[in-house]
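In what follows, a single structure is set out as structure tokens and then discussed.
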2 protein chains.
Amino acid sequence: MKPTESELEILQVLWAKGPSTVRQVNEQLSQGREVGYTTTLKLMQIMHEKGLLSRTEEGRYHIYQALIGEEETQQHLLDRFVDTAFRGSAMKLVMQALGTSKATPQELAELQRLIHNLNPENN
Amino acid sequence: MKPTESELEILQVLWAKGPSTVRQVNEQLSQGREVGYTTTLKLMQIMHEKGLLSRTEEGRYHIYQALIGEEETQQHLLDRFVDTAFRGSAMKLVMQALGTSKATPQELAELQRLIHNLNPENN
DNA sequence: TTTTTGCTACGAAACTTTTCGTAATAAATG
DNA sequence: CATTTATTACGAAAAGTTTCGTAGCAAAAA
């Protein structure tokens with residue numbers, strides 16, 4: 001439930017592409033950096049042992065699938081991150097994240113609505 | 001410039017309390033979890049070697065001080081975190097962070113202003 | 001059938017991070 | 001002065017993470 005950085009990379013691929021073989025995942029990862037096939041294989045095997053991935057045999061292949069959800073995992077990592085990097089202040093994190101983000105007007109408007117609804121004075 | 005998790009804990013103490021001895025830092029850390037004095041000492045020595053901390057001898061003590069700024073480091077960690085955990089989407093991170101934060105109406109109002117100013121249509 | 005190809009299994013090495021035991025030293029105490 | 005106490009220095013062990021070489025095996029190709 002607390003994936004390492006490499007494990008997270010693999011989860012990202014599986015979340016984006018859905019159930020995949022080791023080769024498919026490895027090819028995605030190879031786009032960004034050099035990484036051996038057996039390295040990816042080993043990691044995915046370990047993740048399977050840990051219960052992070054499920055595995056079904058499809059003929060000669062193994063198809064892997066993420067067993068933990070993207071949002072759920074992100075929330076968990078985010079909570080941790082706010083604690084360790086921002087001493088628990090989510091507001092500080094939000095402000096800094098907004099400061100450097102290139103958000104579209106649409107996204108900003110959406111945020112405004114969200115914040116409006118969060119404020120109990122408006123309900 | 002890329003502190004580990006333990007190093008970050010130490011930085012947090014130094015940012016919050018200012019220049020401190022190993023003992024002072026260790027006592028702070030011990031509030032949260034059990035950690036040996038020599039463990040903290042070793043880490044701070046390593047951080048000094050890496051250039052993360054400065055050290056001045058004050059009589060028999062060594063006074064350590066953070067050499068990297070809090071905001072600067074947070075920004076750096078945040079950028080990394082957005083990439084690895086949120087595939088680069090700062091907006092997604094902000095939304096999720098807001099969802100679970102217990103922000104005060106004052107903070108929310110402040111955010112509204114910030115967002116308002118970010119929107120180029122309003123300038 | 002023989003050879004080649006592609007996938008999985010396994011184990012170990014390399015590297016990073018964290019923890020701690022021991023010793024040396026200097027200050028404070030008796 | 002002798003003893004206790006508090007600090008730093010050093011090195012190595014422990015633990016966690018990442019990488020990869022080699023072997024075995026089954027399917028596909030020749």
Side-chain angles (χ1 to χ4, degrees), chain A residues 1-14 17 19-65 68 73 77 80-81 83-85, chain B residues 1-14 17 19-65 68 73 77 80-81 83-85:
Chain A
M1 189 52 171
K2 186 193 55 98
T4 69
E5 201 139 308
S6 293
E7 289 175 342
L8 193 55
E9 278 189 320
I10 289 172
L11 285 171
Q12 299 283 13
V13 174
L14 291 174
K17 304 278 181 177
S20 309
T21 64
V22 173
R23 176 145 311 276
Q24 290 171 322
V25 170
N26 182 250
E27 251 153 37
Q28 273 299 307
L29 295 183
S30 298
Q31 309 267 331
R33 65 190 179 92
E34 194 165 336
V35 52
Y37 173 86
T38 51
T39 301
T40 303
L41 169 66
K42 183 66 168 185
L43 269 171
M44 290 175 73
Q45 285 172 343
I46 290 172
M47 291 170 77
H48 178 236
E49 280 169 27
K50 287 190 190 174
L52 258 47
L53 305 183
S54 72
R55 183 171 77 182
T56 61
E57 307 204 4
E58 192 81 23
R60 100 193 259 193
Y61 302 102
H62 287 177
I63 310 285
Y64 289 86
Q65 187 169 4
I68 58 180
T73 305
L77 292 172
R80 254 179 91 76
F81 184 69
D83 280 347
T84 60
Chain B
M1 190 52 170
K2 185 195 56 102
T4 68
E5 200 137 310
S6 293
E7 289 175 344
L8 193 55
E9 277 190 320
I10 289 171
L11 285 171
Q12 298 285 13
V13 174
L14 291 174
K17 305 276 181 176
S20 310
T21 64
V22 173
R23 176 144 310 277
Q24 290 171 323
V25 170
N26 182 250
E27 250 153 37
Q28 274 299 307
L29 295 183
S30 297
Q31 310 267 330
R33 64 190 179 93
E34 193 165 337
V35 52
Y37 173 85
T38 52
T39 300
T40 304
L41 169 66
K42 183 65 169 186
L43 269 171
M44 290 176 73
Q45 285 173 343
I46 291 171
M47 291 170 77
H48 178 236
E49 281 169 27
K50 287 190 191 173
L52 259 48
L53 304 183
S54 72
R55 182 171 76 182
T56 61
E57 307 204 5
E58 193 82 22
R60 103 193 258 194
Y61 303 101
H62 287 177
I63 310 285
Y64 289 86
Q65 187 169 5
I68 58 179
T73 305
L77 292 172
R80 253 180 92 75
F81 184 69
D83 279 348
T84 61

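Below, chains carry the letters A, B, ... as their sequence lines are ordered, and counting in each starts from 1. All values below come from the heavy atoms of this structure, side chains included, with hydrogens, waters and symmetry mates left out.
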Distance-only donor-acceptor test, B:Lys42 side-chain atoms vs D:dG11 base atoms, 3.5 Å: yes
Distance, rounded to the nearest Å, where A:Tyr64 contributes OH and C:dT8 contributes P: 6 Å
Separation of atom CD1 in A:Ile46 from atom C1' in C:dA9, rounded to whole Å: 12 Å
For atom CG of A:Leu41 and atom P of D:dT18, their distance in whole Å: 15 Å
Sugar-phosphate, base or nothing in reach of A:Glu7, heavy atoms under 4.0 Å: nothing
Short side-chain to backbone donor-acceptor contact, B:Gln12 and A:Thr84, under 3.5 Å: yes
Integer-rounded Å distance: D:dC20 P and A:Met44 CE: 17 Å
Separation of atom CD in A:Gln45 from atom C1' in C:dC10, rounded to whole Å: 8 Å
Sugar-phosphate only, base, or nothing, as touched by A:Thr38 at under 4.0 Å among non-hydrogen atoms: base
B:Tyr37 OH to C:dT22 P, straight-line distance once rounded to whole Å: 18 Å
Closest to the A:Thr39 side chain, choosing from C:dT8, C:dC20, D:dC20: D:dC20
Any B:Leu41 side-chain heavy atom under 4.5 Å of B:Asn26 side chain: no
A:His48 vs A:His62 side-chain heavy atoms within contact, under 4.5 Å: no
A:Arg55 CZ to C:dA9 P, straight-line distance once rounded to whole Å: 5 Å
Non-hydrogen side-chain atoms of A:Gln45 and A:Tyr64 separated by less than 4.5 Å: yes
Spacing between A:Glu34 atom CD and D:dT18 atom P, to the nearest angstrom: 17 Å
Touch class at under 4.0 angstrom, heavy-atom based, for A:Val35 against every strand present: nothing
